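Contents: one structure, followed by commentary.
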Protein chains: 2
Amino acid sequence: MAIPRAAKTLRRTRIQEEKEEQILEAALDVFSVSGFRGSTIDQIAEVAGMSKPNLLYYFRTKEAMHRALIDRVLYNWLEPLRAFDAEGNPESEIRSYIRRKLEMARDFPRESRLFANEMLQGAPHVLDMLKGPLKELVDEKAAVIRTWIKSGKIAYCDPYHLIFSIWSTTQHYADFDVQVRAVLGEEHSGDGRFEDAARFLEQLFIGGLRPDRSGS
Amino acid sequence: MAIPRAAKTLRRTRIQEEKEEQILEAALDVFSVSGFRGSTIDQIAEVAGMSKPNLLYYFRTKEAMHRALIDRVLYNWLEPLRAFDAEGNPESEIRSYIRRKLEMARDFPRESRLFANEMLQGAPHVLDMLKGPLKELVDEKAAVIRTWIKSGKIAYCDPYHLIFSIWSTTQHYADFDVQVRAVLGEEHSGDGRFEDAARFLEQLFIGGLRPDRSGS
DNA sequence: AGATAATTTGACCGATTGGTAAACATTACA
DNA sequence: TGTAATGTTTACCAATCGGTCAAATTATCT
């Protein structure tokens with residue numbers, strides 16, 4: 001007789017680790033494209049190469065699968081912002097934050113789209129995290145930016161909207177990838193577009209935040 | 001006997017106009033949140049306040065409803081970019097383009113999310129439009145921006161990524177509204193945040209594109 | 001090897017899905 | 001006002017949905 005699923009977390013088998021990994025990988029494929037409501041367990045089972053009841057042996061419900069996936073993805077997703085350092089000089093900090101976020105958009109586009117899907121639906125599964133830990137982290141980094149402003153290292157600006165604009169411009173290359181490719185055409189759709197984007201965004205943000213003669 | 005639906009477009013009744021309007025309004029509500037796959041005809045019927053077979057009297061399939069909705073929304077959605085004028089001076093053109101796009105994010109957030117959902121899913125219903133009319137329009141405006149660069153009115157930059165960054169920063173306030181509200185907190189979630197965003201984005205883009213001493 | 005625990009699957013369930021058929025109700029127009 | 005076209009609803013369909021169950025299979029450990 002199989003162990004009740006509640007006890008599974010006590011001792012994890014090799015097979016459990018592998019299969020749960022395999023399932024979440026497939027779930028990321030599916031959820032990131034169709035969102036929670038639009039995805040089906042059968043789709044995920046097919047991508048994972050296992051039967052539907054087998055998925056449900058490891059995750060009791062579709063909700064549980066989605067929650068596990070979000071949990072695993074979220075921590076890494078905020079890593080670049082956490083690395084945002086008060087000690088470094090503003091220009092290089094902003095530059096490397098843009099770089100890091102662009103690298104994530106390039107290397108983990110499914111994670112970005114999973115998150116975007118969740119936002120579009122009103123964040124039903126992560127609203128508490130947005131209002132809690134995320135807000136606290138952003139508040140902290142906004143305070144750092146404000147010290148840079150007060151010491152005259154960068155132009156006066158709203159630090160929250162600065163962070164929003166770095167998020168949106170970088171994630172755009174993951175979430176709207178299909179549009180970017182269509183507009184740039186086949187010839188400019190290679191990985192080179194990320195280097196072009198990085199150059200442009202660095203110029204935009206460094207120039208736009210230059211302390212002297214900035215703003216209207 | 002009811003007229004076959006193919007003939008309906010020949011002469012449109014008052015009731016047809018009203019009901020189709022009513023249905024597309026409800027469809028926008030539902031599709032913009034859950035995407036195509038995640039939305040059901042029953043949901044739309046409930047929002048529209050009519051029975052499911054009644055919806056299907058006006059639109060034969062869920063696909064037809066979605067297509068009609070996209071068609072109606074797309075033209076207006078590109079209006080701000082179309083208004084982008086080569087004659088005006090760069091600073092005021094960019095300024096007013098940002099303004100217009102932000103106003104659309106504020107006044108038509110569902111339209112923005114409908115479009116975002118479509119992009120996340122790989123644009124299955126609008127890919128041809130992206131590669132055709134949209135690309136042509138963007139190519140045209142990119143050429144305008146390039147003349148500004150060559151005449152030294154704005155700094156050298158990639159015009160495509162400039163357009164992408166205006167799209168992403170402005171649409172962010174519609175698509176990620178729930179995140180913006182959560183991070184800013186209840187006190188700053190009023191309509192004032194759009195004015196703050198406008199001020200910040202104008203400063204960012206005007207400063208970032210200033211011709212002298214720009215770039216790294 | 002044998003026993004026991006862990007894993008996998010086929011068959012199945014009730015609910016929901018997109019969509020249909022036909023009866024019924026309403027409107028527009030002569 | 002009559003009647004034909006238009007509009008609406010009830011009842012229903014096959015397919016798919018999330019999820020269960022028991023039987024069959026495989027891994028683990030002594």
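Keep in mind that this is a model prediction, so the values were computed, not measured. Chain identifiers are assigned alphabetically (A, B, ...) following the order of the sequence lines, protein sequences preceding nucleic acid strands; residue numbering begins at 1 within each chain.
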Quick one: does A/Val126's side chain get under 4.5 Å of A/Met119's, heavy atoms only? yes
Are the side chains of A/Phe36 and A/Leu69 in contact, using a 4.5 Å heavy-atom criterion? no
Is the phosphate of D/dT8, meaning OP1 or OP2, less than 4.0 Å from a side-chain N or O of B/Tyr57? no
Less than 4.0 angstrom between a side-chain N/O of A/Asn54 and OP1 or OP2 of C/dT7, yes or no? no
Atom pairs, N/O to N/O, protein against nucleotides 22-28 of chain C, distance under 3.5 Å?
unit_1	atom_1	unit_2	atom_2	d
C/dA28	OP1	B/Arg14	NH1	2.8

Separation of C/dT16 P from B/Gln43 CD (nearest whole Å): 12 Å
Less than 4.0 Å between a side-chain N and a carboxylate O, is that true for A/Arg181 and A/Glu186? no
Minimum-distance nucleotide (side-chain atoms of B/Leu56 versus C/dT20, D/dT8, C/dG18): C/dT20
A/Lys62 side chain, from C-beta outward: closest of D/dG18, C/dG19, C/dT17: D/dG18
Nearest-nucleotide check on DNA chain D, B/Lys19 vs B/Arg37; residue mapping nearer the 5' end is B/Lys19
Specify whether B/His161 and A/Tyr173 have parallel, tilted or perpendicular ring planes, treating 30° as the upper limit for parallel and 60° as the lower limit for perpendicular. tilted
Rounded distance (Å) that lies between atom C1' of D/dC21 and atom CG of A/Leu55: 17 Å
Assess whether a salt bridge exists between A/Asp191 and A/Arg106, defined as any Lys/Arg side-chain N lying under 4.0 Å from an Asp/Glu carboxylate O. no
Roughly how far apart are A/Asp158 CG and B/Leu201 CG, rounded to 0.5 Å? 10.0 Å
Test the B/Arg82-B/Tyr75 pair against the cation-pi criterion, namely NZ or CZ under 6.0 angstrom from the six-membered ring centroid and within 45° of the ring axis. yes
Distance in angstrom units between A/Glu46 CD and C/dT9 P, rounded: 14 Å
Just how far, in rounded Å, is P of C/dC12 from NZ of A/Lys52? 14 Å
To the nearest Å, give me how far apart CG (B/Asp42) and C1' (C/dT17) are. 7 Å
Is any side-chain nitrogen or oxygen of A/Gln16 closer than 4.0 Å to OP1 or OP2 of C/dA6? no
Pairwise 5' ranking along DNA chain C for A/Gly49 and B/Phe36, keeping only the more 5' one: A/Gly49
Does the side chain of B/Glu136 come within less than 4.5 Å of B/Lys131's, by heavy atoms? no
Regarding the side chain of A/Pro53, the nearest nucleotide among D/dG18, D/dT8, C/dA11 is C/dA11
Nearest-angstrom distance from the residue atom CD1 of A/Ile41 to P of C/dA15: 17 Å
Can you find a side chain N or O atom of A/Tyr58 that sits less than 4.0 Å from OP1 or OP2 on C/dA6? no
To the nearest angstrom, the CD-P distance between A/Glu17 and C/dT7 comes to 11 Å
In whole Å, what is the span from the CZ atom of B/Phe31 to the C1' atom of C/dG18? 12 Å
Nearest listed nucleotide, side chain of B/Ser51, among D/dG19, D/dT9, C/dG19: D/dT9
